[in-house]
Amino acid sequence: MPKFNLANFFGMDTDQPENQIDKPADNVVMMNRQEPETSSIIVFEPVNYTDVDTIAQKLLEDSAVIIKLDKLDNNSAARMVDFLNGVLFAIHGSINRLGRNIFICSPKKFQVTE
């Protein structure tokens, strides 16, 4: 069955033969549709200083981390915040206080506003 042509329908003749197949233009750029990256926020309640390794690894994987320091003594909590400040400096992230003993650590792609 020949391709429908509006110009032929109204009796206007075109220079293009009916059986010519339209090909895409050379200047068309096909764009691949990619799934958006999912971002995650992980909540940690560390019980000792050695949990800082797990938290740092999540930050290096571009996840934001909320840390509740209620179960740590003051010395361990201060050391953990200092260490995470160094990790965040290295990855251009930020740390913000949410409460008395609650912090959010976020990599560069996250924006935390008050």
Side-chain angles (χ1 to χ4, degrees):
M1 177 174 216
K3 183 176 169 185
F4 178 78
N5 188 329
L6 189 63
N8 287 340
F9 181 76
F10 287 109
M12 295 181 233
D13 193 19
T14 62
D15 296 324
Q16 182 178 6
E18 286 183 30
N19 60 358
Q20 181 178 352
I21 299 173
D22 293 331
K23 18 180 221 186
D26 291 335
N27 62 351
V28 175
V29 176
M30 298 300 290
M31 297 184 67
N32 294 334
R33 187 170 188 183
Q34 297 177 347
E35 293 293 321
E37 288 185 31
T38 57
S39 300
S40 61
I41 300 175
I42 301 164
V43 178
F44 276 101
E45 195 165 0
V47 292
N48 57 37
Y49 178 76
T50 59
D51 293 336
V52 76
D53 293 339
T54 307
I55 297 168
Q57 185 60 42
K58 293 299 179 185
L59 290 168
L60 292 173
E61 294 170 359
D62 283 336
S63 294
V65 180
I66 295 176
I67 307 162
K68 298 179 182 181
L69 299 174
D70 293 328
K71 293 185 179 180
L72 288 177
D73 60 276
N74 288 340
N75 186 34
S76 295
R79 286 179 57 210
M80 185 173 283
V81 170
D82 286 344
F83 181 84
L84 293 174
N85 266 317
V87 171
L88 291 164
F89 178 79
I91 64 171
H92 304 287
S94 63
I95 186 167
N96 297 74
R97 184 183 289 265
L98 299 178
R100 183 172 166 260
N101 288 324
I102 301 172
F103 294 87
I104 183 166
C105 300
S106 53
K108 185 177 181 179
K109 70 178 183 175
F110 282 85
Q111 181 179 2
V112 178
T113 55
E114 295 182 21

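When a residue number appears, it is its place in the shown sequence, counting from 1.
- Other residues, nucleotides and ligands contribute more than 12 heavy atoms inside 6.0 Å of the CG atom of Asp82.
- Follow the hydrophobic side-chain contacts under 4.5 Å out from Ile55 and you never reach Phe110; the two are in separate clusters.
- The CG atom of Asn101 sits 11.5 Å away from atom NZ of Lys68, with the distance rounded to the nearest 0.5 Å.
- Clustering ILVMFWY residues whenever any of their side-chain heavy atoms sit less than 4.5 angstrom apart, transitively, puts Ile102 in the very cluster that holds Ile41.
- Sparse packing is recorded around CD of Gln111, with 12 or fewer heavy atoms of other residues, nucleotides or ligands lying under 6.0 Å away.
- When all heavy atoms are compared, the tightest approach of Met80 to Asn48 is CE-O, 3.8 Å.
- Leu72 and Tyr49 end up in the same hydrophobic cluster when Ile, Leu, Val, Met, Phe, Trp and Tyr side chains are linked at under 4.5 Å.
- Minimum heavy-atom separation, Ala56 to Phe83: CB-CE2, 4.0 Å.
- Residues Ile95 and Val81 have side chains in contact (heavy-atom distance under 4.5 Å, counting atoms from C-beta outward).
- Rounding to the nearest 0.5 angstrom, the gap separating the CZ atom in Phe44 from the SG atom in Cys105 is 10.5 Å.
- Residues Leu69 and Pro46 share a closest heavy-atom pair of CD2-CG, 4.0 Å.
- Note that CZ of Arg79 is 12.0 Å distant from CG of Leu84, once rounded to the nearest 0.5 Å.
- Shortest non-hydrogen contact noted between Lys108 and Ile91 is CB-O, 3.9 Å.
- Here Leu98 contributes atom CG and Ile66 contributes atom CD1; the two are 6.0 Å apart, rounded to the nearest 0.5 Å.
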Is there a side chain to side chain contact (heavy atoms under 4.5 Å, CB included) between Val65 and Leu59? Walk through the geometry before answering. CA-CA 7 Å; Val65 180; Leu59 290 168; 4.0 Å; yes
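- How far CG of Leu88 is from OG of Ser106: 7.0 Å, rounded to the nearest 0.5 Å.
- For the residue pair Asp51/Thr54, the side-chain donor-acceptor check at 3.5 Å is not satisfied.
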